[in-house]
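The first residue in the sequence is number 1, and the count goes up from there. This is a predicted model, so every value here is computed, not measured.
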Amino acid sequence: MNLYSTSNKANIVDLKEAVFKSLPMDKGLYMPCEIPTLPKNVIEDIKNYTFLELGYEICKNLFQGKIPEKDLKEIVEQAITFPAPLVHLHDHQYILELFHGPSLAFKDFGARFMAQLMSYFLQEEKKQLTILVATSGDTGGAVAAGFYQTPGIEVIILYPSGKVSDLQEKQLTTLGKNITALEIDGNFDDCQAIVKQAFLDNDLNKQYNLSSANSINIARLIPQSFYYFEAYKQLQDHSLPTVFCVPSGNFGNLTAGLLAKKMGLPIHQFIAATNLNKVIPDYLATGEYKPKASLPTISNAMDVGKPSNFARMVDLHKCSPWNNMQKEIIGTHCDDEKTRKIMKQIYKKHEYVICPHTAVGYYAAQQYKNEANVITLATAHPSKFINIVEEEIEAKVDIPERLAILKNKKKESVELNNQFEGFKNWMQKR
């Protein structure tokens, strides 16, 4: 499997280099040189495949022999140890629960797969790997859990001070060992900018063997395509078109869905559901891409004003990105008031509890008026945002034990300003 940079298609690397480098020096993002369609029988007989078997078939198709089949099966089996159940809410509306992993967020799929893939490639390496990751909430927790105590790898997580929930913060700041949390005085975009600049800094790259676990890394996106196939498999009626509604911030999740469609999954359309940070819905409406400073909302993991994966979305739509994207993706946004109303509405009508991010998605799903099976991705367990959720539904939310035990643990973080130089100095002196 070879990959090229979205900024320069002549800049081609193999899978190992793309996974470890994360970001090309030309500031593009890595994309597969070829996205093969899965064999027809995989889709036709999809109900006969387990979740793990689907993941293996996808990787085998994409990796094209780069990793021996036995090792590839082991990577998938070690990474995907939890389900992605499809819940029928009402009529043709479904919820795909992606929060059954260790950190209770969809990002567990990508983080755990990436940890296994890196560990496999590190068998040939002697140097320690330093992973930098910016988080608006859920990515950090998933990466921390996925890489915790992984030999040869340390993780440095940058998160915006005061802009993640209490329990999200505890997931980042209480593990210790090979996990370090940097509390940045700024927003997510500041954290993301620091990480991107670090990969382009010659001094840091001489001192550290740097990689990233954000969705800029292709190893995060590939396993996120697995659950689109798994969701389609669980539908009872395939006679209707399939529409996926994706709560979106950095747009890695939606990009993974686009990859799944390229690989042959019969997806009719995507709905890109954002909160007030609606850069992509605005682009779909006007054709003008205007990144801006992110706005704080109660769906904080989606507070992104400059989505990294826009470059991949443009690349996947080639010659006429705006026109082609408009045909495939509908853009919708939702403010906090509507988000709160949706959480309350679903609980009252269906006795089903959702997090604010899933509520943004479900709001968008309700706007879709054509007859179709509409699947909203539930990106995080509601207990991660317990104060907001309990306030709206006026009921207690169960906290899974793996999250509840963090409540009384001591937070440990390093406070830094939002300037790259401060981060660089800290990295050089540690």
Side-chain angles (χ1 to χ4, degrees), residues 1-36 58-59 61-67 110 113-114 117-118 121-122 125 127 129-134 139 189 191-206 208-225 248-263 279-280 283 289 291 304 306-322 324-325 328-329 420:
M1 181 188 187
N2 289 327
L3 302 98
Y4 62 85
S5 167
T6 55
S7 292
N8 176 9
K9 288 185 168 56
N11 181 3
I12 296 175
V13 300
D14 66 10
L15 176 63
K16 179 179 176 180
E17 187 171 345
V19 169
F20 282 142
K21 270 195 171 178
S22 300
L23 197 67
M25 293 301 285
D26 61 19
K27 301 183 182 180
L29 293 175
Y30 286 119
M31 284 292 287
C33 290
E34 184 184 356
I35 304 174
I58 291 163
C59 289
N61 228 46
L62 280 173
F63 292 177
Q64 300 177 326
K66 175 64 181 175
I67 297 175
F113 180 86
M114 189 178 180
L117 191 58
M118 285 184 165
F121 284 136
L122 273 175
E125 297 284 326
K127 292 166 66 177
L129 187 67
T130 297
I131 292 180
L132 301 180
V133 58
T139 295
D189 293 316
C191 299
Q192 184 166 252
I194 290 171
V195 168
K196 285 185 174 181
Q197 196 168 344
F199 286 113
L200 306 176
D201 186 272
N202 290 329
D203 295 330
L204 289 183
N205 279 277
K206 285 175 184 173
Y208 291 94
N209 186 18
L210 295 177
S211 187
S212 174
N214 280 98
S215 58
I216 58 174
N217 194 311
I218 193 68
R220 272 275 309 276
L221 296 190
I222 291 168
Q224 286 176 226
S225 69
S248 301
N250 229 355
F251 279 79
N253 215 353
L254 194 143
T255 304
L258 293 172
L259 286 176
K261 186 175 180 180
K262 285 274 187 187
M263 286 185 274
V279 174
I280 300 296
Y283 167 78
Y289 179 61
V304 182
K306 190 179 181 181
S308 285
N309 283 286
F310 180 69
R312 285 192 173 114
M313 293 168 68
V314 169
D315 187 77
L316 284 165
H317 291 90
K318 305 297 179 190
C319 306
S320 181
W322 181 46
N324 291 334
M325 247 189 262
E328 197 166 33
I329 306 169
F420 176 72

What's the separation between atom CG in N11 and atom CG in L3, rounded to the nearest 0.5 Å?
10.5 Å
Atom pair OG (S320) and CE (M325), whose distance is rounded to the nearest 0.5 Å
9.5 Å
Residue pair L254, M313: steps toward the side chain to side chain contact (heavy atoms under 4.5 Å, CB included) verdict
CA-CA 9 Å; L254 194 143; M313 293 168 68; 4.2 Å; yes
Gap separating the CE atom of M25 from the CG atom of L200, nearest 0.5 angstrom:
5.5 Å
Would you check if the side chain of Q192 reaches a backbone N or O of N250 as a donor-acceptor pair within less than 3.5 Å?
no
On a heavy-atom basis, the closest approach of P223 and A219 is CD-O, 3.0 Å
When rounded to the nearest 0.5 angstrom, what distance separates CG in L117 from CD1 in I222?
7.5 Å
Between the side chain of N2 and the main-chain N/O of I12, is any donor-acceptor distance below 3.5 Å?
no
When you measure from the side chain of D315 to the backbone of A311, do you find a donor-acceptor pair of N or O atoms at a distance under 3.5 Å?
no
Under 6.0 Å from the NZ atom of K206, do we count more than 12 heavy atoms belonging to anything else shown?
no
Minimum side-chain heavy-atom gap R312-L221 below 4.5 Å:
yes
Check: M31 and L316 side chains under 4.5 Å, non-hydrogen atoms:
yes
Classify the angle between the aromatic ring planes of F63 and F113 as parallel (below 30°), tilted (30 to 60°) or perpendicular (above 60°).
tilted
Which pair of heavy atoms, one from P36 and one from M263, lies closest together, and at what distance?
O-CG, 3.6 Å
Write down the atom of I131, the atom of S212, and the distance for their closest heavy-atom approach.
CG2-C, 4.0 Å
Restricting to side chain to side chain donor-acceptor pair (under 3.5 Å), what partner residues turn up for S215, sequence neighbours left out?
N309
If you round to the nearest 0.5 Å, how far is OG1 of T6 from CG of L29?
4.5 Å
Take atom NZ in K306; do more than 12 heavy atoms of anything else shown fall under 6.0 Å from it?
no
Heavy atoms of S22 and S211 approach each other most closely as OG-OG, 3.1 Å
Is any side-chain heavy atom of H317 closer than 4.5 Å to a side-chain heavy atom of L258?
yes
Shortest non-hydrogen separation from P307 to I280 and the atoms involved:
CG-CG1, 4.1 Å
K9, NZ: over 12 other non-hydrogen atoms inside 6.0 angstrom
yes
So, does R220 use its side chain to make a donor-acceptor pair with the main chain of G110 at under 3.5 Å?
no
How long is the span from the CZ atom in F20 to the CE atom in M118, to the nearest 0.5 Å?
6.0 Å
Compare every heavy atom of W322 with every heavy atom of Y283, then report the nearest pair and how far apart it is.
O-NE1, 3.1 Å
One pair to check against side chain to side chain contact (heavy atoms under 4.5 Å, CB included): V304 and D189. What are the steps and the verdict?
CA-CA 6 Å; V304 182; D189 293 316; 3.8 Å; yes
With a sphere of 6.0 Å drawn around NZ of K261, does it hold more than 12 non-hydrogen atoms of other residues, nucleotides or ligands?
yes
Is any side-chain heavy atom of P32 closer than 4.5 Å to one of I218?
yes
Residue pair F420 / L204, side-chain heavy-atom distance below 4.5 Å:
yes
